Amino acid sequence: QVQLVESGGGLVQAGDSLRLSCTVSGRTFSNSIVGWFRQTPGKEREFLAASEWASSGTIYADSVKGRFTISRDNAKTTMYLQMNSLKAEDTAVYYCAHKQGVLRLASGYSYWGPGTQVTVSS
């Protein structure tokens, strides 16, 4: 069982930066992967980025490559998503999720956090 809790969301203006945190607890494994997703009403959940917990492997969606950066602090069991140059269309509920398996696949996540709202005003 793995528990995840997101934090750091809020209301910002277009062009601002925001860092989301995902605190991970419970049983993690050497092949654990934590990913970030977002969702807006009426749309499917969108994969953003993922990182291997025990190594330096990362992957990004083309839509956020160059603006968003995923990183981790193993000592704090926290995964971060640094978001720069935010746009109004980045407004969404942001989720982190955990899986064991293949980094490059955006599917297969079993455990999810409750989400944190990010609102970007234009």
Side-chain angles (χ1 to χ4, degrees):
Q1 191 81 6
V2 179
Q3 296 83 38
L4 306 102
V5 179
E6 305 90 346
S7 61
L11 173 63
V12 297
Q13 294 188 337
D16 286 351
S17 297
L18 200 62
R19 189 177 78 163
L20 304 182
S21 300
C22 174
T23 301
V24 182
S25 61
R27 191 176 181 186
T28 57
F29 303 89
S30 60
N31 63 342
S32 284
I33 294 166
V34 175
W36 284 98
F37 296 75
R38 66 186 178 189
Q39 190 169 25
T40 54
K43 293 188 177 181
E44 291 187 0
R45 194 167 291 184
E46 177 189 9
F47 169 79
L48 301 175
S51 176
E52 295 171 327
W53 193 257
S55 69
S56 59
T58 59
I59 188 171
Y60 294 91
D62 289 342
S63 60
V64 301
K65 199 175 295 183
R67 287 198 304 130
F68 290 9
T69 303
I70 189 170
S71 63
R72 71 188 186 280
D73 184 336
N74 285 352
K76 296 182 179 179
T77 63
T78 301
M79 191 74 75
Y80 301 102
L81 184 69
Q82 176 69 40
M83 306 186 294
N84 298 328
S85 303
L86 284 164
K87 309 172 184 178
E89 50 264 42
D90 293 318
T91 296
V93 178
Y94 284 71
Y95 300 89
C96 60
H98 172 278
K99 70 173 180 179
Q100 294 175 258
V102 180
L103 176 65
R104 62 180 174 81
L105 296 178
S107 59
Y109 288 83
S110 302
Y111 299 98
W112 294 81
T116 185
Q117 176 71 46
V118 172
T119 303
V120 184
S121 64
S122 57

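Only a predicted model underlies this, so the values are computations on that prediction, with no experimental measurement involved. Residue numbers count from 1 along this sequence. Just so it is clear, the values below take in all heavy atoms, side chains as well, and ignore hydrogens, waters and symmetry mates.
- Residue pairs that meet the salt bridge (Lys or Arg N to Asp or Glu O under 4.0 Å) test with at least one member in residues 96-118, sequence neighbours left out, do not exist here.
- Shown here for Thr40 and Ala92, the closest heavy-atom pair between the two residues is CG2-CB, 3.5 Å.
- In this structure, the salt bridge (charged side-chain N to carboxylate O under 4.0 Å, His left out) partners of Arg67, at least two apart in sequence or on a different chain, are Asp90.
- The disulfide (SG to SG under 2.5 Å) contacts involving residues 34-91 comprise nothing, where partners must be two or more places apart or lie in separate chains.
- Remark: Leu103 pairs with Ile33, Ala50, Glu52, Ile59 by the side chain to side chain contact (heavy atoms under 4.5 Å, CB included) rule, at least two apart or across chains.
- Hydrophobic clustering, with ILVMFWY side chains joined whenever heavy atoms are under 4.5 angstrom apart, groups Phe68 together with Leu18.
- Of all heavy-atom pairs spanning Ser21 and Thr78, the tightest one is CB-CG2, 4.0 Å.
- Screening residues 2-15 for side chain to side chain donor-acceptor pair (under 3.5 Å), with sequence neighbours left out, gives Gln3-Ser25.
- In this structure, Met83 is a member of the same hydrophobic cluster as Ile70, with clusters built from ILVMFWY side-chain heavy atoms closer than 4.5 Å.
- Hydrophobic clustering of Ile, Leu, Val, Met, Phe, Trp and Tyr side chains at less than 4.5 Å, counting indirect connections, keeps Trp36 apart from Val5.
- The cluster map of Ile, Leu, Val, Met, Phe, Trp and Tyr, joined by side-chain heavy atoms under 4.5 Å apart, puts Leu48 and Trp53 in the same cluster.
- Met79 and Val64 fall within a single hydrophobic cluster, where Ile, Leu, Val, Met, Phe, Trp and Tyr are joined by side-chain heavy atoms under 4.5 Å apart, directly or via other members.
- The side chain to side chain contact (heavy atoms under 4.5 Å, CB included) test applied to Ala97 returns Phe37, Tyr109, Trp112, not counting sequence neighbours.
- For Arg19, the side chain to side chain donor-acceptor pair (under 3.5 Å) criterion is met by no residue, not counting sequence neighbours.
- Residue Glu44 comes nearest to Gln39 through the heavy atom pair C-NE2, 4.0 Å, listed as atom of the first residue, atom of the second, then distance.
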Under the side chain to side chain contact (heavy atoms under 4.5 Å, CB included) rule, what do Ser63 and Glu46 come out as? Steps first, then yes or no, please.
-> CA-CA 10 Å; Ser63 60; Glu46 177 189 9; 3.0 Å; yes
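- Residues passing the side chain to side chain donor-acceptor pair (under 3.5 Å) test with Thr91, sequence neighbours excluded: none.
- A distance of 10.0 Å separates OH in Tyr111 from OG in Ser32, rounded to the nearest 0.5 Å.
- In the hydrophobic clustering (ILVMFWY side chains linked at under 4.5 Å, chained through shared members), Tyr80 stands by itself.
- Residues forming a side chain to side chain donor-acceptor pair (under 3.5 Å) with Lys87 (at least two apart in sequence, or on another chain): none.
- Val93 meets the side chain to side chain contact (heavy atoms under 4.5 Å, CB included) test with Tyr95, Gln117; sequence neighbours excluded.
- Across all non-hydrogen atoms, the minimal contact from Gly9 to Leu20 is N-CD2, 3.6 Å.
- Closest approach of Leu4 and Cys22 over heavy atoms only: CD2-SG, 3.6 Å.
- At least one side-chain heavy atom of Thr58 sits less than 4.5 Å from a side-chain heavy atom of Ser51.
- In this structure Asn31 satisfies the side chain to side chain donor-acceptor pair (under 3.5 Å) test together with Gln100, sequence neighbours excluded.
- When all heavy atoms of Ser122 and Ala88 are compared, the pair lying nearest together is CB-CB, 4.1 Å.
- Inter-residue side-chain proximity for Ser71 and Gln82 is flagged as unmet; no heavy-atom pair is nearer than 4.5 Å.
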